[in-house]
Structures are given as C-alpha cells and as structure tokens.
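Written out below as structure tokens is the structure these notes cover.
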There are 2 protein chains.
Amino acid sequence: MPVDYDSDLPPYLQIAAGLRARIESGELQPGQRLPSISHLSQEYGVARVTAVKALKVLADEGLTVTRPGWGTFVRRSG
Amino acid sequence: MPVDYDSDLPPYLQIAAGLRARIESGELQPGQRLPSISHLSQEYGVARVTAVKALKVLADEGLTVTRPGWGTFVRRSG
DNA sequence: TTTCATTTGTCCGTATGTATT
DNA sequence: AAATACATACGGACAAATGAA
C-alpha cells in the first residue's frame with residue numbers, strides 16, 4: 001500500500017502508523033523482525049531515509065529495538 | 001591519490017572518472033583487471049560501498065564487465 | 001571433498017549536506 | 001525559519017561466486 005500524498009500526515013508518519021498498527025494488532029509479534037529499510041522504501045515507493053525515519057519513530061516510542069547490521073525488531077515485554 | 005572533498009564531484013564519481021581516464025588512455029587494457037573494491041576503498045580512503053558505486057558507474061557505461069568472485073575487467077571490443 | 005582466501009554484491013543503522021515547500 | 005525529502009557517505013556484517021590448496 002503506497003503512501004497517500006494527499007494526506008496531511010507526511011509519508012514517514014504514515015508508514016510508522018501502518019507498522020504501529022501491525023504491531024498493536026499482533027500481526028507482528030514481539031521479537032519478530034520488521035521489514036527492512038530497503039523493503040519499506042520499495043514497498044511504499046519512498047526514499048531510504050524516509051523509511052529510516054519511520055522506523056526511528058517506532059524506536060523512539062519504545063515499540064521496537066534496532067540492532068545495527070541485524071534489523072529492527074518488535075520489543076519484547078513492551 | 002585520495003579523493004578531493006572540496007570538489008563538486010562526489011567521491012564515487014571522482015574515482016569513476018580516474019578509472020575511466022586510465023581505461024581511455026590505454027593504461028588499463030581490454031581484458032585487464034581493475035583494482036578490486038577493497039583495494040580501491042583503501043587506496044582512496046573511502047567506504048566499501050563508495051568503491052562499489054564507482055565501479056558500477058563504469059559497468060553501467062559499458063566500459064567494464066564484472067564477474068562475481070573474480071573481479072572487474074576492462075571490456076573487450078568496447 | 002573440504003577448506004581457505006579473495007572478490008563481488010548486498011544489507012543494516014547512522015550521519016551530513018542540500019533542495020524544496 | 002522549520003519540516004520534509006533526497007543524495008551521498010560512513011563502518012560493519014553477511015551471502016554468493018571463484019579459484020587454489
């Protein structure tokens with residue numbers, strides 16, 4: 001599902017919201033890896049840095065944990 | 001010769017330009033192997049991915065042919 | 001056959017500078 | 001001035017291909 005450029009939400013917040021919903025719904029389980037930055041940027045048709053920002057939002061919220069060289073994971077016991 | 005960070009050209013294009021000049025001058029002959037990615041990154045003092053990009057520029061131009069596990073070579077009959 | 005070093009190719013998170021709005 | 005997006009670059013890590021021992 002591509003981003004909606006008519007929306008008030010900037011793309012990186014739309015992507016973050018979509019991922020947050022998948023985590024809170026249980027589709028993405030604790031410990032499970034989120035889609036990679038490259039995957040997200042291709043899937044949503046946005047630049048790499050935009051996907052990076054989206055993941056950073058979730059990390060700042062404490063929903064995810066990122067490990068350099070490994071990926072971004074749904075936080076356990078969060 | 002390290003890259004010039006004051007130049008308008010980004011490092012990966014500087015490296016590509018240097019290699020292109022060596023090919024067109026005949027210093028690097030058709031069929032001859034170019035310096036490896038690791039060699040270039042050390043010689044120019046840049047990251048690996050930067051050397052990869054430089055070599056990709058030449059390959060996209062049709063000047064070189066890359067073969068995984070073997071190296072990058074000046075294209076014959078190019 | 002297995003092991004090892006080398007090489008290309010790719011990916012991760014991160015940072016900086018710049019252009020656009 | 002500020003927010004957003006993109007290009008470029010960094011170090012580190014891993015996979016796959018190749019050839020030699």
Side-chain angles (χ1 to χ4, degrees), chain A residues 1-20 23 28 31-76 78, chain B residues 1-20 22-23 28 30-76 78:
Chain A
M1 174 166 57
V3 295
D4 176 12
Y5 286 99
D6 293 331
S7 168
D8 286 338
L9 274 184
Y12 82 101
L13 287 183
Q14 291 182 42
I15 297 172
L19 292 172
R20 190 186 304 113
I23 292 174
L28 291 171
Q32 190 172 347
R33 219 197 74 180
L34 276 69
S36 72
I37 291 174
S38 296
H39 187 97
L40 287 174
S41 66
Q42 288 177 25
E43 177 182 345
Y44 287 92
V46 297
R48 236 184 104 76
V49 186
T50 304
V52 171
K53 283 187 167 187
L55 290 181
K56 178 164 168 44
V57 167
L58 302 179
D60 288 346
E61 290 174 353
L63 276 177
T64 60
V65 176
T66 66
R67 286 198 294 162
W70 287 90
T72 298
F73 300 81
V74 181
R75 190 175 198 175
R76 300 180 189 273
Chain B
M1 175 165 55
V3 295
D4 176 14
Y5 286 99
D6 293 331
S7 167
D8 286 338
L9 273 184
Y12 82 101
L13 288 183
Q14 291 183 42
I15 298 172
L19 292 172
R20 190 187 303 114
R22 293 170 65 185
I23 292 173
L28 291 171
Q32 190 172 348
R33 220 199 75 180
L34 275 68
S36 73
I37 292 174
S38 296
H39 187 95
L40 286 173
S41 66
Q42 288 177 24
E43 177 183 345
Y44 286 91
V46 298
R48 217 188 123 69
V49 283
T50 304
V52 171
K53 280 182 93 170
L55 289 180
K56 179 163 167 45
V57 166
L58 301 180
D60 288 346
E61 289 174 352
L63 276 177
T64 60
V65 177
T66 67
R67 276 184 284 190
W70 200 353
T72 298
F73 301 82
V74 181
R75 191 175 196 175
R76 299 180 187 274

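Chain letters run A, B, ... following the sequence lines, proteins first and then strands; every chain starts at 1. As the structure is a prediction and not an experimental result, all values here were calculated from the model. We use all heavy atoms of the structure for the numbers below, so side chains are in, but hydrogens, waters and symmetry mates are not.
- A heavy-atom distance below 4.5 Å is not found between the side chains of V65(A) and T72(A).
- Qualifying side chain to side chain contact (heavy atoms under 4.5 Å, CB included) partners for P35(A), counting only residues two or more places apart in sequence or in other chains: L19(A), R22(A), H39(A), L40(A).
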**Request:** For nucleotides 8-21 of chain D, just jot down a letter per nucleotide in 5' to 3' order: B, S or -, based on protein non-hydrogen atoms under 4.0 Å.
**Result:** SSBS-B---BB---
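- Closest approach of A54(B) to Y12(B), counting heavy atoms only: CB-O, 3.4 Å.
- Between the CD atom of Q14(A) and the C1' atom of dT4(D) there is a distance of 13 Å, given to the nearest Å.
- The shortest distance between side-chain heavy atoms of Q14(B) and S7(B) falls below 4.5 Å.
- Atom CG in D8(B) sits roughly 16 Å away from atom P in dG17(C) (whole-Å rounding).
- Taking side-chain N and O atoms only, T72(A) has a distance below 4.0 Å to OP1 or OP2 of dG13(C).
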Close N/O contacts between protein and nucleotides 19-21 of chain C (under 3.5 Å):
none

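- Nucleotide dT16(C) forms a pair with dA7(D), judged by Watson-Crick or G-U wobble geometry with both contacts under 3.5 Å.
- D8(B) pairs by the side chain to side chain contact (heavy atoms under 4.5 Å, CB included) definition with nothing, not counting sequence neighbours.
- Evaluation of the side-chain hydrogen bond (donor to acceptor under 3.5 Å, both in side chains) rule for S38(B) yields no partner, not counting sequence neighbours.
- Contact record, A51(B) with S41(B): CB-N, 4.1 Å, taken as the closest heavy-atom pair.
- Rounded to whole Å, atom C1' of dG13(C) lies 11 Å from atom NZ of K56(A).
- When distances run from any side-chain atom of I37(B) to the nucleotides dT8(C), dT14(C), dT7(C), the shortest one goes to dT8(C).
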I'd like a table of donor-acceptor pairs (distance under 3.5 Å, sequence neighbours excluded) in which one partner is a side-chain atom from residues 56-64 of chain B, with atom names and distances.
from, atom 1, to, atom 2, distance (Å)
K56(B), NZ, D60(B), OD1, 3.3
K56(B), NZ, D60(B), OD2, 3.2
E61(B), OE1, R20(B), NE, 3.1
E61(B), OE2, R20(B), NH2, 2.9
T64(B), OG1, A59(B), N, 3.3

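- When each of S38(A) and L34(B) is assigned the nucleotide of DNA chain C bearing its nearest heavy atom, the one mapping closer to the 5' terminus is L34(B).
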